[in-house]
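Naming convention: chains lettered A, B, ... in sequence-line order (proteins, then strands); numbering from 1 in each chain.
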Number of protein chains: 2
Amino acid sequence: MSLIFSRQCEYALQAVLYISAQEESKFTNIIEISERLDIPMPFLGKTLQLLVQHKVLQSLKGPRGGFKLAKPPDEIALFHVVDAIDGTDFLTSCVLGFSECSSKNPCPVHSDWGALRDRVYQMLASKTIADISKEITDSKQLRTKLRLL
Amino acid sequence: MSLIFSRQCEYALQAVLYISAQEESKFTNIIEISERLDIPMPFLGKTLQLLVQHKVLQSLKGPRGGFKLAKPPDEIALFHVVDAIDGTDFLTSCVLGFSECSSKNPCPVHSDWGALRDRVYQMLASKTIADISKEITDSKQLRTKLRLL
DNA sequence: TAAATTTCGGATAGAAATGTCTGATATATG
DNA sequence: CATATATCAGACATTTCTATCCGAAATTTA
């Protein structure tokens with residue numbers, strides 16, 4: 001099986017988008033997120049803890065507690081979420097798995113893949129939660145997908 | 001951890017490139033490939049079997065046996081190897097993990113990611129073993145990387 | 001201050017991917 | 001035809017990722 005992001009990273013991205021679509025000052029709890037997005041609750045807990053540690057989210061314990069964005073949505077790029085969960089190895093590691101692969105010692109697809117990888121990074125780094133929130137507001141389809149009614 | 005291709009797929013790509021760099025009519029055995037490329041031998045065996053089943057490679061048992069390309073190198077694209085090992089889900093599955101995601105029901109990054117994915121496919125489908133063999137012939141660095149002396 | 005709620009942290013369990021082992025099967029060579 | 005070589009096939013082991021469980025800590029509310 002080939003995949004771009006780990007399942008945990010997919011959960012993280014979905015959850016951050018869900019949280020970002022809530023009222024900005026409100027803390028959203030795990031129970032709600034896991035039920036709406038159909039993500040196993042304890043695993044989502046671990047995942048959101050990672051995002052808190054990486055200062056993507058802010059948490060609050062106790063009644064009315066939960067999670068909200070740690071920064072304004074235009075300061076959180078998708079890349080920050082991916083970085084917190086999966087790390088950034090995919091930006092530098094060789095797509096063919098050669099351990100010593102660099103521009104000075106390239107694999108047979110080094111330059112081809114490098115160009116594509118740069119585009120992936122550009123997309124992830126430039127796309128912010130604010131951008132996506134705007135799209136969500138403008139699209140009923142997206143609200144449905146994120147279970148926002 | 002995020003990765004584009006599974007480790008098994010990386011092994012497969014490396015092995016096919018190694019085989020393609022050998023004399024065309026010769027069968028190359030697993031022992032040689034696994035030692036040169038530092039791939040666990042039994043696992044490489046399973047992997048090459050998959051490539052035989054998908055008609056990327058041809059095998060021969062017994063003395064002087066081993067593996068060689070099943071078709072002329074200009075008829076084998078990198079995509080065929082990836083397809084045989086990892087499959088093609090990455091071309092259609094949602095990068096955010098939403099199960100129902102399509103152009104009619106897109107996720108927040110559907111179009112952005114779709115464009116990138118198309119480029120990845122283009123690269124994999126257009127790059128053939130013959131293309132790479134030529135590069136290898138022209139580059140001492142590549143021969144070193146593939147342990148071809 | 002007591003009780004209820006919710007995240008946090010560590011230990012454990014299950015599933016999937018990766019890696020290993022053993023014997024069977026086929027082929028070349030003497 | 002016997003032997004050595006190499007792939008093939010299935011079972012098994014290990015590692016990594018995903019998922020679960022339980023109790024502790026913090027915060028709100030009554």
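At whole-Å resolution of the value, CZ in B:Phe27 and C1' in D:dC8 are 15 Å apart. In this entry the distance linking CE of A:Met41 with P of C:dC8 reads 15 Å, nearest Å. The CG-P distance, from B:Leu57 to D:dA6, rounds to 17 Å in whole Å. Across the protein-nucleic acid pair, B:Glu10 atom CD and C:dA17 atom P stand 15 Å apart, rounded to whole Å. Straight-line distance from the CD atom of A:Gln8 to the P atom of C:dG14: 20 Å, rounded to whole Å. The distance from atom CG of B:Asp89 to atom P of C:dA16 is 15 Å, rounded to the nearest whole Å. The distance from atom CD of A:Gln58 to atom C1' of C:dT6 is 15 Å, rounded to the nearest whole Å. Atom CD1 of A:Ile19 is separated from atom C1' of C:dT6 by 14 Å (rounded to the nearest Å).
Contact check, A:Ser59 against C:dT6: no side-chain N or O comes under 4.0 Å of OP1 or OP2. Of the side-chain N and O atoms in B:Tyr11, one or more sit less than 4.0 angstrom from OP1 or OP2 of C:dG19. Under 4.0 angstrom from either OP1 or OP2 of D:dA19 there lies at least one side-chain N or O belonging to A:Arg7.
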Which pairs of donor and acceptor atoms, one on a side chain in residues 43-54 of chain A, lie under 3.5 Å apart (sequence neighbours left out)?
from	atom 1	to	atom 2	distance (Å)
A:Thr47	OG1	A:Gln8	NE2	3.2
A:Thr47	OG1	A:Phe43	O	2.7
A:His54	ND1	A:Leu50	O	3.0

Anything under 3.5 Å between a donor and an acceptor, one on a side chain of residues 109-120 of chain B, the other on a protein residue two or more places apart or in another chain? List them.
from	atom 1	to	atom 2	distance (Å)
B:Asp112	OD1	A:Lys127	NZ	3.0
B:Asp112	OD2	A:Lys127	NZ	3.3
B:Arg117	NE	B:Leu91	O	2.9
B:Arg117	NH1	B:Leu91	O	3.4

What donor-acceptor contacts under 3.5 angstrom involve side-chain atoms of residues 59-67 of chain B, with partners at least two apart or in another chain?
none

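With sequence neighbours excluded, the residues that form a ring pair (Phe, Tyr, Trp, His ring centres under 6.0 Å) with A:Phe79 are A:Tyr121.
Atom CZ in A:Arg36 sits 13.0 Å away from atom CD1 in A:Ile39 (nearest 0.5 Å). Between atom CD1 of residue B:Ile129 and atom CG of residue B:Leu69 there is a gap of 7.0 Å, rounded to the nearest 0.5 Å. Going from atom CD1 of A:Ile4 over to atom SG of A:Cys9 covers 11.0 Å, rounded to the nearest 0.5 Å. Here the straight-line distance linking atom CD1 of A:Ile85 with atom CD of A:Glu10 works out to 12.0 Å at 0.5 Å rounding.
B:Pro40 comes within 4.0 angstrom of the backbone, heavy atoms only, and of no base. Counting non-hydrogen atoms under 4.0 angstrom, B:Phe67 reaches the backbone sugars and phosphates but no base.
Of the residues in residues 43-56 of chain A, A:Phe43, A:Lys46 come within less than 4.0 Å of DNA chain D through at least one heavy atom, sorted by number.
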Inset, instruction - Could you run through nucleotides 24-30 of chain C and give me one letter per nucleotide, 5' to 3': B if any protein heavy atom sits under 4.0 Å from the base, S if only the sugar-phosphate is that close, - if neither? - result: -BBBBS-
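A donor-acceptor pair under 3.5 Å is formed between the side chain of B:Asp131 and the backbone N or O of B:Thr128.
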